[in-house]
Amino acid sequence: MANSINKKLYTKITLLSLLFLFFFLVAKSIAYSPDFSLAIGCGSSTNTTLDKRIWVGDNIDNKNLFTFIEQKTTNPSLKTSPSSASNIEIPYTTARISLSSFTYSFSTITSSPVFVRLHFYPTSYQNFEPSKAFFSVEVNNKITLLKNFNPSLWIHEDGEKITKEYCIQIKSNEKLNITFIPANNINQSNPYYAFINGIEVVSMPSFLYYTNLNDPKYYLKSLDFDNTNYQVLNDKALETVYRVNVGESQVPPGDDTGMFRNWDNDFPRYLEKQYPQSISSDFKHHLNYENNTIQNYTAPEVVYLTARSYGQYATEEYNVTWNFEVDSNFTYMVRLHFCEFDPNITNKGDRAFQIFIVNSMAEENADVIRWSGSRMVPVHKDYTVSINSEEGSSQIERVNLSLKLQQLPKTMFTKYRDVTLNGIEIFKISDKNNNFFGLNPKPFILSPTEQGLPTEQSKKSTIVIVVVVVVSCLMLASVIGVIVFVRRRRRFESHVEEMDESSWTKKKEGEVSSSLPSHLCRYFTITEIRAATNNFDDIFIIGVGGFGNVYKGYIDGDIPVAIKRLKPGSQQGINEFMNEIELLSQLRHIHLVSLIGYCNEGEEMILVYDFMQRGTLREYLYGSDNEPLTWKKRLEILLGAARGLHYLHAGVKHNIIHRDVKSTNILLDEKWVAKVSDFGLSKVGPTGMSITHVSTVVKGSLGYLDPEYYLRQRLTLKSDVYSFGVVLLEVLCARPPLVRSSEKKKASLVVWFQKCYNEGVIIEEMVDPFIKDSITSECLKCYCQMVLSCLHDDGNQRMSMSDVVGALEFALQLEMSEEDTKSGWTHEKEKSEERQQVSQFTSEDGSDVCFTSSSDDYGSQTSKVSTISASTEDQHLLYATVFSEIGNPRAR
Ligand SMILES: *[C@@H]1O[C@H](CO)[C@@H](O)[C@H](O)[C@H]1NC(C)=O
Ligand SMILES: *[C@@H]1O[C@H](CO)[C@@H](O)[C@H](O)[C@H]1NC(C)=O
Ligand SMILES: *[C@@H]1O[C@H](CO)[C@@H](O)[C@H](O)[C@H]1NC(C)=O
């Protein structure tokens, strides 16, 4: 039942993505169309269409394209299929298998270099065991692509497939012969064999990867000696060892620029655990190739429109690191793709950083705008690096090729101390004998085979889908607008597919952090959820919310998670639920509780979130035995929460109104990092100018409700600001927003505060006695102005969430300068410099409510403080232009 819902959903998604492909074909001509492109389903007797192209059978009469040649032997090759055929597509449905050598010979095809792709599905074929597949693959008896290769040693779990890709340039009068040679047989009763499932030969532009000696701009920097020039000449062959789209999801071969290259995603396989933020352009603008920095077929647009960076708000100092396992004793070409799409970055020097490849400095001052000349202009940079064995031995070893991005040192200027990267390609360059062969990896322990869909069924459903698609395409051929929607769907689909990979990583590493990667959304079965919560045992309940109960559970053995089970019969339909999940899985921010996955089976709709060790902010304010927090810690937590809300309001494609901001929806992880929770199931907010609010049934919590909202049902982003204002007061005074039993004038925290303020009563009376002594009057004044602004009756008069972030940053700076004063002005200079830098890359908004209105008050402060506020003001002038665009939020 549940499976069938799932399958239906999947079918729907597949259908939509096929639709998209159709539109893609119609709407947009592909950047490059190869003069030669052939895909062979080895061992197949029919032609099969997949991903916009035909895979031809290898026994079909295709003599004008290629011939299949084998020596006359007593053991002719077999055409066969995998013994356990689970959920596979062409070319993996059939194989050519042999105990002796065989050759695919391609007629003189093209004068351009070609991609040769070899596809292997390591599994049992008839009575051939995967462990006995050992063979070499040669091209024209000159280039050894593979030697003593055993595909089953390269997979991490059953059912995985291997593709090897090479770039080869053959002389124009020669044939291209690809020969498969089984390893020498010692034991004739259990011999080695060679097999292949699919071969592709696709031509490429002459100088996509090979050096054009006539191009004066071409520069391939060698990192081995003193950064000299290097050339990849036609007599060399290249093996693509990694091709990665940094930031977002995988780009499948059908979405490449016409050469059917596959672009992997970088997480979880390559990016190191301390992952940075995945960012993406709004996709509304297209790349600009007019500067001729690169050709438009170099990489698909989506590669350049997604990236990773520390994120505007990150403060940690770490290298953003990707690790790639490679064979030692070879030279590698590393191509890095860049494109600046962040609207904040427009000039040289706005975002400069450093790049290390295998710990050698590749770029001391990498600056994408300097290279490209402008935003939305893609560029790439090429490097070569020789990789040696750990101890310099001549033995080939599997070693790590690391790529690291690091902030510029403090001594060098850049406006944002941030890094960025969009794509990575790594090629092994053939050695002097034109060999590539390296080591087989150490065997992995294979898990028991998973039973998937039987092929028959999947074939049938593919046929059904294709028919349906063709029909619907005819009907819908004019609806180009669908594309955008479908694109989002497709991304979602790839999220779902990534599940398996992440579970593999877990098994292998044994331990993982509870923060799952930023772009995954995992599917849980109800059995898993029941196991994690002891069948929804009440003792696991950690929260009861409007939407249902929240349980603590453990997944994958020991990873704590919060499991939110929506009330059965809630108004959420399955479509809304899936929409929410799609939306939630795109919302990633250090100050938001991450959605790990979901489950929907039968009536159940369940969301699985990261578990927050320290619980809610309220538990540290009142009503518990917890040690009270210091003023500084409170400011830091509020600042974090404000950044999380600001991200919801302005940082993503849609403005999202949280609708239930309160101190129990601000959670704390083990490092006291504030995370806003329960933003799920909020409605997407206004995006255009014409609609300024969303009318809905009043939801939210008593004591935090925006009066405009409950009186006039007018819900805006400013409703969250109001509620946050209440939280600010709660934190300052350490009491609930409403206390019915107390004196009437003090029952409502907001009313009491406003009354005191208007009547000029000293606010200090209200402040939590525990922090009273540590707040300076300046800081309190700034804080109270912020609270008043947040609580303004008229939503339009309230500050925005980004203003709140700015004001809290300022309050924190005041607090820290106060601490400095106390600690005797030690390291004053460095600290103040540091702070300026902090403000340079953390405050990104044009907030002026707190600063300008209060800057006069600070004129008499010590010179240090005025330096800070002056620089902050400059900063604000600087950013004012940028953030006039705030109504036009960009995607992340
Ligand atoms: C390719 O194989 C064919 C048939 O065996 C042979 O005639 C031809 O010389 C080979 N070409 C090369 C370049 O090895
Ligand atoms: C050859 O393989 C068979 C079957 O696996 C095995 O029984 C036999 O011992 C092997 N002989 C040698 C010499 O390794
Ligand atoms: C980043 O990597 C480089 C090169 O290995 C190293 O010199 C530097 O110390 C690293 N930086 C940090 C913050 O770990």
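Just follow the structure's listing: the first ligand is 1, and inside any ligand the first atom is 1. Owing to the predicted nature of the structure, the values given are computational and were not obtained by experimental measurement.
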*State whether a side-chain donor-acceptor pair under 3.5 Å links Y192 with N150.*
no
*Kindly tell me which protein residues have any non-hydrogen atom under 4.0 angstrom away from an atom of ligand 1, grouped by chain and ordered by number?*
I69, N140, K175, N177
For [X], atoms of ligand 3 separated by under 4.0 Å from a heavy atom:
X	answer
K404	2 (O), 5 (O)
N359	4 (C), 5 (O)
N319	1 (C), 2 (O), 3 (C), 8 (C), 10 (C), 11 (N), 12 (C), 14 (O)

*Where do E272 and K404 land on the salt bridge (charged side-chain N to carboxylate O under 4.0 Å, His left out) test, with the steps shown first?*
CA-CA 10 Å; E272 238 179 52; K404 297 180 183 176; over 6 Å; no
*asked:* Quick check on Q231: does its CD atom have over 12 non-hydrogen neighbours (other residues, nucleotides or ligands) under 6.0 Å away?
replied: yes
_F180 and its side chain to side chain contact (heavy atoms under 4.5 Å, CB included) partner, picked from Y193, F195, Y104_ = Y104
_For the student: nearest non-hydrogen atoms of A307 and N422, plus distance_ = CB-ND2, 3.7 Å
*Verify, without hydrogens or angle tests, whether K428 (side chain) and V241 (backbone) share a donor-acceptor contact under 3.5 angstrom.*
no
*Cation over ring face, R53 and F260, 6.0 Å, 45°*: yes
